[in-house]
Amino acid sequence: MLDRRFVVENPDLVEQNCQRRGARADVRRFVQLEADRKSKQFEVDELNRRANEVSKSIGKAKDPAEREARKNEGRALREQTAAAQAELDAVVAEADAILRTMPNLSHPDAPVGADDQSNLELRRGSAEPPKFDFKPLDHVELAERLQLIDFEAGAKVTGHGFYFLKNEAVLLELALQRYALDLLVREGFTPTITPDLARNEILQGTGYIPRGPETQIYSIAETDLSLVATAEITLGGLYAGEILDAAALPIKLCGISHCYRTEAGAGGRASRGLYRVHQFTKVEMFAYTLPEASEDMLNYFCDLECQLFDGLGIAYRVVDTATGDLGGPAYRKFDLEAWMPGRGEAGEYGEVTSTSNCTDYQARRLGIRFRTGEKGTAFVHTLNGTAIAISRALITLLENYQQPDGSVAVPEALRAWVGKERIAAPGQ
RNA sequence: GGACGGGUGGCCGAGUGGUCUAAGGCGGCGGUCUUGAAAACCGCUGUACGGGAAACCGUACCGGGGGUUCGAAUCCCUCCCCGUCCGCCA
């Protein structure tokens, strides 16, 4: 969330930012509520002070009648205090509710626009989209012919949007994990496998909304737990409430988790096959940095994502995400869109990774700070980035590496882990 | 899952209803002494919000939430976490 004082001091700027990002937040109301909060807090403090004085005088009083009189006085004061406190709580609750709807500020260079139509292409990868002298199949068809993914079984056992990976698809999943991890460990990331569930307060701290009609999150009945949508949630929660040693920053972590998404409201649009599923595995990068270091870290994350897809020989483009498409916590976001020959009429780019600089937006909510000199603390910056989202990476591999005979070549970079050069249909 | 014991400042740890404005120690900062350092000694040393030019003052915070009371770190309820033992289990 934003710094409440910053909002009060810069209402016009915040309002403009909300508008650019398509967020409806009543900034004026918030400013008014903050003023109310201040005066109400003063009132509560004053009542508490008087009540405390009375309580102390009772401890010293000897005369029983005097004590009784003072007790009554104290009781009356405490009742007034409770009433004022209730009013204060109501003001705070309303102000907080508005504050939570305010997205992070936006990087001045982020393209302004309502949706992904305004995304700005920054660069392309080293590989070219493949040229086929046959009609390429999409990954659903390929996976069926090669017996790699069983969507029908997933639907029967669990529901639409679930699937069984089988045979070489399993080897590809594990190979992709190892491939990503190899690079990240070389780059000094601490590898982790995180819980797949997290407390709702951690979800909220990272900017996810655990319950409600529009939630993308599966929650566990009769608990305060939810299935995570990404290891960003668990890695962000890792240091919640802690004060980090500035000398230890940046902290670079990568986490493997399963990711669960309800995809509420996504029905019908481009939801064929693996592109939009309710469960997938992801290797996620995460960093805690000093404020002045987060911009470089974002570029670094983006470079690593490019390295991974260049290494796989997949064509992609990098886009600077438009303000209206940023999501709440991101200050700036770069997406990698990889070439998917089976998507659309004659192939399309589809999002495969995403990296965001969330500045102090998550850290403020999660209470993650570092020491600044002798006294004082400041909030760290947090960043996240996809190393490999397995399901979408599988789409790109199957569709880009398909051969005229219906088999799929295994990219050089993965062969050691897959253990073969080519995935062929059974009996072929 | 059950029983018992715990959760207190950056860290360790005392504290069973009012002088807690949280003892004591460690660490940190400043000073005295010293050629310098160490040791010793003296002083300072939590966070947030509000008031004030400042010194300083007020309020809240002892795992989270709720309750009892004029008054709660302390008593009660509840949840979370840690430890020990038991049960179950890949």
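Because only heavy atoms are used, hydrogens play no part in the values below, and waters and symmetry mates are left out as well, while side chains stay in. Everything numeric in this text was worked out from a predicted model, so none of it was measured.
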Complementary nucleotide for [N] - Watson-Crick or wobble, under 3.5 Å:
| N | value |
| --- | --- |
| B:U35 | none |
| B:C49 | B:G58 |
| B:G43 | B:C29 |
| B:G83 | B:C4 |
| B:U16 | none |

Taking [M] as the reference, what is the distance to [N] when you measure between their [atom1] atoms (whole Å, please)?
| N | M | atom1 | answer |
| --- | --- | --- | --- |
| B:G9 | B:G65 | P | 16 Å |
| B:G64 | B:A55 | P | 30 Å |
| B:C81 | B:G27 | P | 35 Å |
| B:A14 | B:G87 | C1' | 37 Å |
| B:G58 | B:G7 | P | 30 Å |
| B:C12 | B:G63 | P | 13 Å |
| B:C77 | B:G13 | C1' | 28 Å |
| B:C80 | B:U47 | P | 32 Å |

Once you round it to whole Å, what is the distance between [atom2] of [N] and [atom1] of [X]?
| X | N | atom1 | atom2 | value |
| --- | --- | --- | --- | --- |
| A:E68 | B:U69 | CD | P | 13 Å |
| A:R78 | B:G67 | CZ | P | 14 Å |
| A:K40 | B:U59 | NZ | C1' | 16 Å |
| A:E242 | B:U47 | CD | C1' | 16 Å |
| A:E79 | B:G67 | CD | P | 14 Å |
| A:E201 | B:C79 | CD | C1' | 12 Å |
| A:I243 | B:C11 | CD1 | P | 9 Å |
| A:L88 | B:A60 | CG | C1' | 11 Å |

Given the rule in the ring pair (Phe, Tyr, Trp, His ring centres under 6.0 Å) test, do A:F286 and A:Y288 qualify, once you have shown the distances and angles that lead to the verdict?
CA-CA 7 Å; A:F286 197 91; A:Y288 298 87; 5.1 Å; yes
Around atom CD of A:E43, are there more than 12 heavy atoms of other residues, nucleotides or ligands at under 6.0 Å?
yes
Atom CD1 of A:I209 with >12 non-hydrogen neighbours under 6.0 angstrom
no
For A:R5, which contact category applies under a 4.0 Å heavy-atom criterion: base, sugar-phosphate, or nothing?
sugar-phosphate
Contact class for A:R70 (heavy atom, under 4.0 Å): base, sugar-phosphate, or nothing?
nothing
Pair A:Y361 + A:Y331: ring centers closer than 6.0 Å
no
Going by salt bridge (Lys or Arg N to Asp or Glu O under 4.0 Å), name the residues that satisfy it together with A:E53, two or more places apart in sequence or in a different chain.
A:R49
Under 4.0 Å from OP1 or OP2 of [N]: is there any side-chain N or O of [X] that close?
| X | N | answer |
| --- | --- | --- |
| A:R67 | B:C70 | no |
| A:R75 | B:C70 | yes |
| A:R50 | B:G58 | no |
| A:N52 | B:U21 | no |

On RNA chain B, compare the nucleotides closest to A:G74 and A:R369; which residue's is nearer the 5' end?
A:R369
5' precedence on RNA chain B between A:K71 and A:S55 (nearest-nucleotide basis)
A:S55
Let's see if you can work this out: which of [options] has an atom nearest to the side-chain heavy atoms of [X]?
| X | options | result |
| --- | --- | --- |
| A:K38 | B:G50, B:C70, B:C80 | B:G50 |
| A:R49 | B:C81, B:U47, B:U59 | B:U59 |
| A:R199 | B:U59, B:C80, B:G18 | B:C80 |

Looking at A:L298, A:L336, A:T321, which one forms a side-chain contact (heavy atoms from CB on, under 4.5 Å) with A:T355?
A:L298
Between CD on residue A:Q204 and CZ on residue A:R100, distance to nearest 0.5 Å:
7.0 Å
